[in-house]
Peer 1: 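Starting off with a structure, shown below.
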2 protein chains.
Amino acid sequence: METRELRYFVAVAEELHFGRAADRLDIAQPPLSRTIAQLEQRLGVALLTRTSRKVSLTEAGAVLLAEGRAILGAIAAAERRTRTVDRPSLVLAAKAGGSGELLAKLLDAYAAEPGAVAVDLLLCEAHTWQPLLDGRADVAILHEPYDSTAGLDVEALHVESQFAILPTSHPLAGAGQLRMADVVDLPELARWPEPDGTYPDGTRVEVHNLTQLFQMIALGRAIAVMPEVVRPGLPEGLVAVPLVDASKVTTVIAWPPHSRSRAVAGLVRVATGVSSPGPG
Amino acid sequence: METRELRYFVAVAEELHFGRAADRLDIAQPPLSRTIAQLEQRLGVALLTRTSRKVSLTEAGAVLLAEGRAILGAIAAAERRTRTVDRPSLVLAAKAGGSGELLAKLLDAYAAEPGAVAVDLLLCEAHTWQPLLDGRADVAILHEPYDSTAGLDVEALHVESQFAILPTSHPLAGAGQLRMADVVDLPELARWPEPDGTYPDGTRVEVHNLTQLFQMIALGRAIAVMPEVVRPGLPEGLVAVPLVDASKVTTVIAWPPHSRSRAVAGLVRVATGVSSPGPG
DNA sequence: GCTATCGATACCGGCCGGGTATCGCTGCCA
DNA sequence: TGGCAGCGATACCCGGCCGGTATCGATAGC
């Protein structure tokens, strides 16, 4: 299976439309059709079912789409890491607005290490693990279970409980503590976009970053479930109520497997040093 | 970067010889030289330094070799999983001779599940994680830290301590307990082959499986450090002495990230049920 | 300094990937 | 119900790339 075939298939599988996929790939539609047909023949399975009105994935196609995205990401990452190996620098991905204190401590401690290299920060609104998979970042601060750590090596840094973030005017804002059952069915619970930019089904409020979210909450249009770290940064008019039965959030430092970078290893070592993962 | 380029580069990087690599790839040497040169030009970095007598890896080349092996494995795995998605079956990789009881319990418990599929066993002499990376297996029983779980999703099943396996005639065989310092420098400590089939430097005994190892130990030619599971299977003439300060060995069940298989999920769920990971 | 070894270069032929033109099918609509 | 528009498949052509053979240039060993 060649990279080109995989790239073509992923495009068609995502668009579910040969014409649009060909457009995206900057080729004409006939060679695309032919390449997909060849791929199917070589694999010996149908990847797509086509009528002249509708294209859809087979089960095999769904598997190849998931694996193919990961492979294309790994290839992009390998290219970037190979290209930049002689310019030692480190790109650290982190969620904008989260873990400020931990991040500051980590960067300070690492900078003081002998042999430390320059650390570039890549602040993400969401899906902080994505840059790790496509090679834009070398290491990331993630939050399980919100962030997916599939296929990554991780080291736990910190465990903390979660809070319901509410406007002070909310009927539940006065409660000393809440349970998940109290909030999961509330219509104001905010939604985050999926990796492909689409939103999960439903009619709930769509937000893209913490600032938007806090504003929506202050306006009474949303509520959210978030870990303790955001608490110090809460604006006027918002309260955080402990959720006694919510799953714990673990802050982890994550890096790609097979990483051969001494800089990454150093940063990870420092990170596990500055923060001990006791339950918070 | 195309799969073909990566396959060619990995061959040359492993052989460190264009002629032998071309042989292995079943092509002539000139197109191979040209393809590698093109790859280097496109990436903008030198991957190999060649004199007319010797080929060696640059640092960038070492990075691409590591990432490239993983990518080629992922591609092979994706192909196999795509091909076999409509024939539900499960290949479980495990170390031959280890974890017999756990394995039997797991297979029995899974077979009793509703919707269980046929489980094929792939018994490995070593490097049990390899079949998971190249797609020959869907799930594996591994032992950290012996087995590498980089890039895999894992769930811990069991933790146990390690023992020094000695012939009864060995001077240390009578000790009630030992420390790592007592054994690490012994010249008889056995070596295991690397994933590429080569052996780490040194002049120690080379063994490929447990039977060979036990025979070598019985003959007084070797000793080994192993987890508790092997203890019931020890032949006459061998003793297991507790190593009080050796790292614990964790038995884990591992599967590839992005796995979409319901069968894998079911097996993992059963596995975590039959064995609770308390310290042993 | 001769020679064997090994990677690079030169050059050629066939195949394959990409292009345009067109066909065949299907759902929509008057 | 027939015309039409949208979409994927097919037919066919062209150029570039991949792989082949022949040969060169450099180097280490004798």
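Order of the sequence lines fixes the chain letters, A, B, ..., with proteins taken first and strands second; residue numbering starts at 1 for each chain. Values reported hereafter were calculated over all heavy atoms of this structure, with side chains retained and with hydrogens, waters and symmetry mates removed. Being a predicted model, the structure only gives us computed values, none of them experimental.
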Peer 1: Could you tell me which residues satisfy side-chain contact (heavy atoms from CB on, under 4.5 Å) with B:R20, sequence neighbours excluded, listed by chain and number?
Peer 2: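 Per chain and number, B:R20 pairs via side-chain contact (heavy atoms from CB on, under 4.5 Å) with B:E15, B:H17.
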Peer 1: With A:R42, which residues qualify under salt bridge (Lys or Arg N to Asp or Glu O under 4.0 Å), at least two apart?
Peer 2: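 Listed in chain order: A:E5.
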Peer 1: Tell me the salt bridge (Lys or Arg N to Asp or Glu O under 4.0 Å) pairs involving residues 113-124 of chain A, sequence neighbours left out?
Peer 2: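 For residues 113-124 of chain A: A:E113-A:R269.
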Peer 1: Can you name the side-chain contact (heavy atoms from CB on, under 4.5 Å) partners of B:L133, sequence neighbours left out?
Peer 2: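 side-chain contact (heavy atoms from CB on, under 4.5 Å) list for B:L133, sorted by chain: B:W129, B:L152.
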Peer 1: I'd like to know if A:R34 and A:E40 make a salt bridge, using a cut-off of under 4.0 Å between side-chain N and carboxylate O.
Peer 2: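 No, A:R34 and A:E40 are not salt-bridged.
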Peer 1: For A:E14, what residues pass the side-chain contact (heavy atoms from CB on, under 4.5 Å) criterion, not counting sequence neighbours?
Peer 2: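 A:E14 satisfies side-chain contact (heavy atoms from CB on, under 4.5 Å) with A:V10, A:R24, A:L65, A:R69 once adjacent residues are dropped.
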Peer 1: Could you work out, with side-chain contact (heavy atoms from CB on, under 4.5 Å) as the rule, every residue matching B:R4, not counting sequence neighbours?
Peer 2: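 With sequence neighbours excluded, B:R4 shows a side-chain contact (heavy atoms from CB on, under 4.5 Å) to A:E2, B:R7, B:Y8, B:T35, given in chain and number order.
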Peer 1: Which letter, B, S or -, goes with each nucleotide of nucleotides 17-30 of chain D from 5' to 3', with contact meaning a protein heavy atom under 4.0 Å?
Peer 2: -BBBBB---BBS--
Peer 1: Could you tell me which residues satisfy salt bridge (Lys or Arg N to Asp or Glu O under 4.0 Å) with B:E144, sequence neighbours excluded, listed by chain and number?
Peer 2: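 For B:E144 there are no salt bridge (Lys or Arg N to Asp or Glu O under 4.0 Å) partners, ignoring immediate neighbours.
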Peer 1: Report yes if a side-chain nitrogen or oxygen of B:S33 is closer than 4.0 Å to either non-bridging phosphate oxygen (OP1 or OP2) of C:dA8; otherwise report no.
Peer 2: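 For C:dA8, OP1 or OP2 has a side-chain N or O of B:S33 closer than 4.0 Å.
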Peer 1: If we fit an axis to the first five pairs and another to the last five of the helix from C:dG1-D:dC30 to C:dA30-D:dT1, what angle do they make, to the nearest 10°?
Peer 2: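 Computed from the C1' atoms at both ends, the axes differ by 20°.
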Peer 1: Nearest whole angstrom, please: distance from the C1' of C:dG18 to the CZ of A:R7.
Peer 2: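 Those two atoms, CZ and C1', are 13 Å apart.
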